[in-house]
**Q** 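Pasting in a structure now, in structure tokens, and then I'll have a few things to ask.
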Amino acid sequence: MSDPVGKLPSELDQLPDRDTEETAEWAASLDAVAQAAGTRRAEYLLRRTLQHAEAAGLALPKLLETDYVNTIPTSAEPEFPGDEAMEARITAWNRWNAAAMVTRGSKYGVGGHIATFASAAWLYETGFQHFFRGKEADGSGDQLYIQGHASPGIYARAFLDGRISEQQLDNFRQESGGNGLPSYPHPRRLPWLWEFPTVSMGLGPLSAIYQARFNRYLQNRNIKDTTNSHVWAFLGDGEMDEPESTAALALASREQLDNLTFVINCNLQRLDGPVRANFRVVQELEAQFRGAGWNVIKTLWGSAWDELFQLDASGALVRRLREVPDAQFQTYATRDVAYIRQHFFGANAELVALGALLSDAKIAECFHTSRGGHEPRKVYAAYKAALEHKGAPTVILAQTVKGYTLGAGFESKNANHQMKKLTIDEFKSMRDKLDLPIPDSAFEGGQVPYGHPGANSPEVQYLNERRAALGGPAPARKVKQVALPAPADRSFAPLLKGSGKQEMATTMAFVRLVKDLMRDKETGKRWVPIVPDEARTFGMESLFPSAGIYSPLGQTYEPVDRDQLMYYKEAKDGQILNEGITEAGAMADFIAACTSYATHGEPMIPFYIFYSMFGWQRTADQMWQLADQLGKGFIVGATAGRTTLTGEGLQHADGHSHLIASTNPASLNYDPAFAYEIAVIVKDGLRRMYGETPEDVFYYLTVYNEPKVQPAMPEGVEEGILKGLYRFNQASDLENAPAADAAKIQLMASGTAIHWILEAQALLAADWNVAADVWSATSWGELRRDALECDEALLRGEVRTPYVTRALEGAAGPVLAVSDWMRQVPDQISQWVEQDYTSLGTDGFGLSDTREGARRHFGVDAQSIVVAALAQLARRGEVPASAVKEARERYGL
């Protein structure tokens with residue numbers, strides 16, 4: 001057989017062929033089929049052969065795309081174990097109440113979404129009735145990531161099982177008066193029901209993957225048996241456009257997370273129109289997931305299509321389905337049978353002949369409503385197959401009609417995501433379609449009623465029995481508080497006593513502290529170090545051999561540095577999560593670890609350390625997700641500040657993360673200057689987050705890579721460190737103190753800037769006879785939080801003085817605040833400082849230079865601080881105006 005014309009070289013050409021005659025016979029057979037039965041038959045045989053080879057476990061490249069048909073044919077569906085008629089009635093009540101609550105709320109203008117749950121109702125209901133394990137069974141139950149826009153349906157089910165009242169349904173999206181329901185899954189707003197916040201879109205799928213991975217982490221470290229916990233993530237096909245949605249697919253398959261199932265509701269519509277108007281999103285997603293190593297189950301067509309496929313002897317129907325774009329298929333769902341016959345079946349003679357065998361009723365049923373995601377038997381088959389598949393995660397691509405059962409005005413309409421209500425006539429039509437016993441008299445006054453079959457009805461009894469068999473209500477969030485003992489003081493002692501003459505960066509001080517805390521007998525195993533592939537940057541390589549880097553495979557190779565003390569050690573029970581270059585993935589890890597106290601009843605103490613520029617700026621949306629999920633842990637922005645990271649330049653220079661962090665109410669933000677401040681903050685953070693009365697907060701600490709001598713902790717400063725401000729020293733403490741009648745000023749700084757103002761303090765005293773006291777501002781944010789609480793108290797008639805005002809009371813002279821951040825960071829407290837207040841900071845873009853050069857550029861070095869201090873005093877008439885000009889010239893400014 002001759003080679004085809006234009007044949008490209010193949011990787012097989014590089015391999016020896018031990019039997020060229022046999023190879024030629026196989027190729028000739030394929031040519032013969034193509035010539036005798038046509039190319040379509042040859043294509044079919046090749047696909048079936050590849051599918052068979054894959055099922056047999058042969059090491060061949062996988063087919064990335066299969067035909068546009070169900071993965072599990074009707075003949076292979078398992079027996080359905082439930083009462084299908086009963087479950088249909090339960091689902092009908094949930095559909096009704098979901099639509100009613102949104103419609104009733106629309107008169108207040110609060111919005112809501114109807115169409116998403118209408119399309120996905122059976123995807124949820126089948127899971128609740130047969131698969132989703134609750135919290136009252138052994139273990140931790142399943143973790144459910146509910147699609148945010150489907151929340152009305154989940155509230156409707158909780159209403160049916162008695163966990164939510166009618167009054168609460170009427171307070172959907174109206175929380176301020178109490179007893180309301182949040183718009184989407186928000187654990188902070190409804191902590192007994194919701195576990196995982198899934199809006200913003202894209203964060204749900206990313207978090208679900210890392211949750212499944214963290215479940216395995218707990219298992220492999222012998223902390224919690226998570227064998228029976230399965231993670232279910234319910235997603236929209238439009239949501240998969242978000243880069244976070246698919247960012248970790250390879251991780252899930254690489255680590256063989258068969259404890260994870262994605263259920264993607266493929267109703268082919270996003271917020272404004274078709275997801276892939278000119279393409280086919282189901283086929284695209286299949287290729288994407290199969291290429292990433294996932295098990296893919298397509299549940300596309302309802303049983304009405306069985307007849308069509310049986311009649312499709314030539315494969316014309318399957319080929320047509322493969323070529324019709326999604327937007328056109330949506331049009332078929334809204335047009336009459338004549339249109340479908342002309343535009344779908346009229347494509348070729350084979351389809352015309354097929355269409356002639358079908359009644360108008362059959363065509364209407366197939367193209368308007370019959371989808372796999374609307375049939376419990378098909379959904380059950382897909383879920384069962386997903387749980388039985390081992391060695392890889394599973395994605396179920398379930399096709400549905402958006403707005404299903406809501407009537408022709410909703411179903412498959414482009415605008416249905418923005419449609420917030422049904423008319424009374426539409427509700428009556430929906431009632432008749434769902435066969436609900438709601439009389440016309442219930443609509444008197446123009447208000448749609450809620451429906452409930454009764455607490456003792458067969459429906460509610462069936463629902464409760466099924467949930468009892470599966471381990472209790474779902475979704476549900478149950479927290480059994482487990483207080484962790486405080487670590488021994490000896491872990492903190494080295495930082496409290498200072499570093500003597502040795503220089504040490506605060507980044508290294510934090511790492512040393514955690515290394516000691518990880519040795520604690522009681523709580524050491526609960527620390528979860530998380531880093532996005534820069535552990536060596538932060539001096540963490542010393543943890544590699546002692547704690548180990550987590551890998552479910554252990555270490556299957558000999559590391560190149562095995563003969564070194566701090567070699568790269570991976571272990572199945574490794575403690576460190578070294579995530580590679582993915583801040584989003586590391587943050588998802590952090591969220592799973594931060595909320596383990598609720599998800600698994602196992603409090604963990606994660607610290608996530610990263611280049612500070614690539615933390616809040618890059619993943620701030622996940623920080624809000626963390627706050628919403630009531631997470632606890634330490635976020636550490638290392639190599640912080642705009643001038644501390646020598647030579648790196650604009651994109652690496654963080655001068656604003658504290659400003660972003662200050663917007664998050666759950667984040668306690670500290671910018672410690674000294675090692676002992678870190679010790680005090682971490683010790684108190686462990687108490688506040690993991691003690692007898694744990695708070696739903698997390699900590700953001702910024703640490704620096706500039707080596708400095710670390711002083712011992714002065715006496716009596718602990719309260720000031722935690723509240724955000726204390727006097728580090730006074731001018732009178734200096735060896736050459738200024739005269740008693742010298743002009744006075746208060747210098748205040750956070751983080752590494754403390755060293756600049758200490759130098760400035762000495763220059764002011766020696767060169768200008770100015771007495772400057774030095775203050776360490778460990779947290780501008782906590783000072784502001786306290787002041788805001790005082791302002792709020794005043795509205796209630798309670799007079800309280802902010803801590804910052806009290807701390808500075810009686811301090812002589814003006815205040816000059818300095819930091820390695822934008823001036824807006826220290827300016828957060830200015831309105832509560834009674835003295836004249838001004839600030840210096842690093843506003844503008846960063847630049848590549850030495851520390852000294854960068855600080856002179858931004859005007860925050862010691863000499864610039866001196867000039868600014870003199871200018872402030874000159875405006876008050878406390879030093880001659882000429883001193884400012886003289887200082888600029890002396891210091892070369």
**Q** How are the rings of Y676 and Y726 set to each other: parallel, tilted or perpendicular (split at 30° and 60°)?
**A**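 Geometry flag for Y726 against Y676: tilted rings.
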**Q** Might you work through the salt bridge (Lys or Arg N to Asp or Glu O under 4.0 Å) test for D489 and K683, ending with a clear yes or no?
**A** CA-CA 9 Å; D489 288 341; K683 184 177 182 180; 2.9 Å; yes
**Q** Would you say Q872 and T838 are linked by a side-chain donor-acceptor pair, where the criterion is simply a distance under 3.5 Å?
**A**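 No, no side-chain donor-acceptor contact under 3.5 Å.
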**Q** Show which side-chain atoms of residues 523-530 pair as donor or acceptor with protein atoms under 3.5 Å away, not counting sequence neighbours.
**A**
{"residue": "T523", "atom": "OG1", "partner": "D520", "partner atom": "OD2", "Å": "3.1"}
{"residue": "R526", "atom": "NH1", "partner": "E602", "partner atom": "OE1", "Å": "3.0"}
{"residue": "R526", "atom": "NH1", "partner": "P603", "partner atom": "O", "Å": "3.0"}
{"residue": "R526", "atom": "NH2", "partner": "E602", "partner atom": "OE1", "Å": "3.1"}

**Q** Which residues pass the side chain to side chain contact (heavy atoms under 4.5 Å, CB included) test with D684, not counting sequence neighbours?
**A**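 R687, R688, Y699, L722.
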**Q** When you measure from the side chain of T663 to the backbone of I660, do you find a donor-acceptor pair of N or O atoms at a distance under 3.5 Å?
**A**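 Confirmed, T663 side chain pairs with I660 backbone.
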**Q** We want to know whether E677 and S776 form a side-chain donor-acceptor pair, criterion being a heavy-atom distance below 3.5 angstrom.
**A**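 Yes, because at least one side-chain N or O of E677 sits under 3.5 Å from a partner of the opposite role on S776.
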**Q** So, R806 side chain and T801 main chain: donor-acceptor pair closer than 3.5 Å or not?
**A**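 Checking the backbone N and O of T801 against the side chain of R806, a donor-acceptor pair under 3.5 Å is found.
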**Q** If a pair satisfies salt bridge (charged side-chain N to carboxylate O under 4.0 Å, His left out) and one of its residues is in residues 751-773, list it, with sequence neighbours excluded.
**A**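 Matches after skipping sequence neighbours: R727-D773, D767-R890.
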**Q** Evaluate whether atom NZ of K744 has more than 12 neighbouring non-hydrogen atoms of other residues, nucleotides or ligands under 6.0 angstrom away.
**A**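 Yes.
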**Q** So, T643 and D820: side-chain donor and acceptor under 3.5 Å apart, yes or no?
**A**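 D820 and T643 do have a side-chain donor-acceptor pair below 3.5 Å.
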**Q** Would you please name every residue forming a side chain to side chain donor-acceptor pair (under 3.5 Å) with D696, sequence neighbours left out?
**A**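 Partners of D696 by the side chain to side chain donor-acceptor pair (under 3.5 Å) criterion, ordered by chain and then number, come out as K632.
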**Q** What's the separation between atom CG in D654 and atom CE in M613, rounded to the nearest 0.5 Å?
**A**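 Rounded to the nearest 0.5 Å, the CG-CE separation comes out at 6.5 Å.
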**Q** For A509, is there any backbone N or O sitting under 3.5 Å from a side-chain donor or acceptor partner on T506?
**A**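 The answer is no, because no donor-acceptor pair under 3.5 Å joins these two groups.
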**Q** How far does CG of L543 sit from CE of M518, to the nearest 0.5 angstrom?
**A**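 Between atom CG of L543 and atom CE of M518 there are 5.0 Å.
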**Q** Taking ring pair (Phe, Tyr, Trp, His ring centres under 6.0 Å) as the cut-off, I'd like each qualifying pair that reaches into residues 844-873, sequence neighbours left out, listed once.
**A**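 Listed once each, the pairs would be none.
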**Q** Taking the side chain from E503 and the backbone from V709, do they hold a donor-acceptor pair closer than 3.5 Å?
**A**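 Not a single qualifying donor-acceptor pair exists.
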**Q** Would you indicate whether the side-chain heavy atoms of L758 and N729 approach each other to under 4.5 Å?
**A**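 When only atoms from C-beta onward are counted, L758 and N729 do touch, with a gap below 4.5 Å.
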**Q** Looking at residues at least two apart in the chain, or sitting in another chain, which of them share a side chain to side chain donor-acceptor pair (under 3.5 Å) with K885?
**A**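 With sequence neighbours excluded, K885 shows a side chain to side chain donor-acceptor pair (under 3.5 Å) to E889, given in chain and number order.
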**Q** Between E583 and R618, is the closest basic N to carboxylate O distance under 4.0 Å?
**A**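 Counted as a salt bridge, because a side-chain N and a carboxylate O are separated by less than 4.0 Å.
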**Q** May I have all residue pairs that pass salt bridge (charged side-chain N to carboxylate O under 4.0 Å, His left out) and include part of residues 827-853, sequence neighbours excluded?
**A**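 Checked against salt bridge (charged side-chain N to carboxylate O under 4.0 Å, His left out) - neighbours excluded - the pairs reaching residues 827-853 are D836-R876.
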**Q** Should L630 and T595 be marked as a side-chain contact (heavy atoms from CB on, under 4.5 Å) after you check the CA-CA gap, both sets of side-chain angles, and the distance that decides it?
**A** CA-CA 7 Å; L630 310 177; T595 54; 5.8 Å; no
**Q** Compile the donor-acceptor pairs under 3.5 Å between side chains in residues 620-627 and protein atoms, sequence neighbours left out, one pair per line.
**A**
{"residue": "D621", "atom": "OD1", "partner": "S200", "partner atom": "OG", "Å": "3.3"}
{"residue": "D621", "atom": "OD2", "partner": "S200", "partner atom": "OG", "Å": "3.1"}
{"residue": "Q622", "atom": "NE2", "partner": "A584", "partner atom": "O", "Å": "3.0"}
{"residue": "Q625", "atom": "NE2", "partner": "S207", "partner atom": "OG", "Å": "2.8"}

**Q** Can a cation-pi geometry be assigned to K569 and F544, taking NZ or CZ under 6.0 Å from the six-membered ring centre and within 45° of the ring axis?
**A**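 Geometry flag: not set, cation outside 6.0 Å or 45°.
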**Q** Whether the side chain of R536 engages the backbone of E541 through a donor-acceptor N/O pair (distance < 3.5 Å, no angle test) should be reported.
**A**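 No.
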**Q** Which donor-acceptor pairs under 3.5 Å do side chains of residues 747-755 form with protein atoms, sequence neighbours excluded?
**A**
{"residue": "S750", "atom": "OG", "partner": "D671", "partner atom": "OD2", "Å": "2.6"}
{"residue": "S750", "atom": "OG", "partner": "W780", "partner atom": "NE1", "Å": "3.0"}
{"residue": "T752", "atom": "OG1", "partner": "E706", "partner atom": "OE1", "Å": "2.8"}

**Q** Short question: side chain of S819, backbone of W821 - any donor-acceptor pair under 3.5 Å?
**A**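 It does hold such a pair.
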**Q** Please check if the number of heavy atoms outside E798 that lie under 6.0 Å from its CD is greater than 12.
**A**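 For E798, atom CD is crowded (more than 12 foreign heavy atoms under 6.0 Å).
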**Q** Knowing that exactly one of F698, F510, F590 qualifies, which makes a ring pair (Phe, Tyr, Trp, His ring centres under 6.0 Å) with F607?
**A**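 It is F510, the one option of F698, F510, F590 that forms the ring pair (Phe, Tyr, Trp, His ring centres under 6.0 Å) with F607.
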**Q** What pairs with A739 under side chain to side chain contact (heavy atoms under 4.5 Å, CB included), at least two apart in sequence or on another chain?
**A**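 Only D741, N769 meet the side chain to side chain contact (heavy atoms under 4.5 Å, CB included) criterion with A739.
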**Q** Taking the side chain as C-beta and beyond, is there a heavy-atom pair between V867 and Y891 under 4.5 Å?
**A**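 Yes, their side chains come closer than 4.5 Å.
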**Q** Would you call the rings of H658 and Y700 parallel, tilted or perpendicular if under 30° counts as parallel and over 60° as perpendicular?
**A**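 Ring orientation, 0 to 90° scale: tilted.
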**Q** Which residues pass the side chain to side chain donor-acceptor pair (under 3.5 Å) test with R785, sequence neighbours left out?
**A**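 Checked R785 against side chain to side chain donor-acceptor pair (under 3.5 Å); matches are E782.
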**Q** Should Y608 and P532 count as side-chain neighbours, where that means a heavy-atom distance under 4.5 Å?
**A**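 Side-chain contact under 4.5 Å: yes.
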**Q** Answer yes or no: is there a donor N or O on one side and an acceptor on the other, between the side chain of Q746 and the main chain of L816, under 3.5 Å?
**A**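 Here the side-chain-to-backbone pair does not exist.
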**Q** Could you work out, with side chain to side chain donor-acceptor pair (under 3.5 Å) as the rule, every residue matching Y217, not counting sequence neighbours?
**A**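 Y217 satisfies side chain to side chain donor-acceptor pair (under 3.5 Å) with R221 once adjacent residues are dropped.
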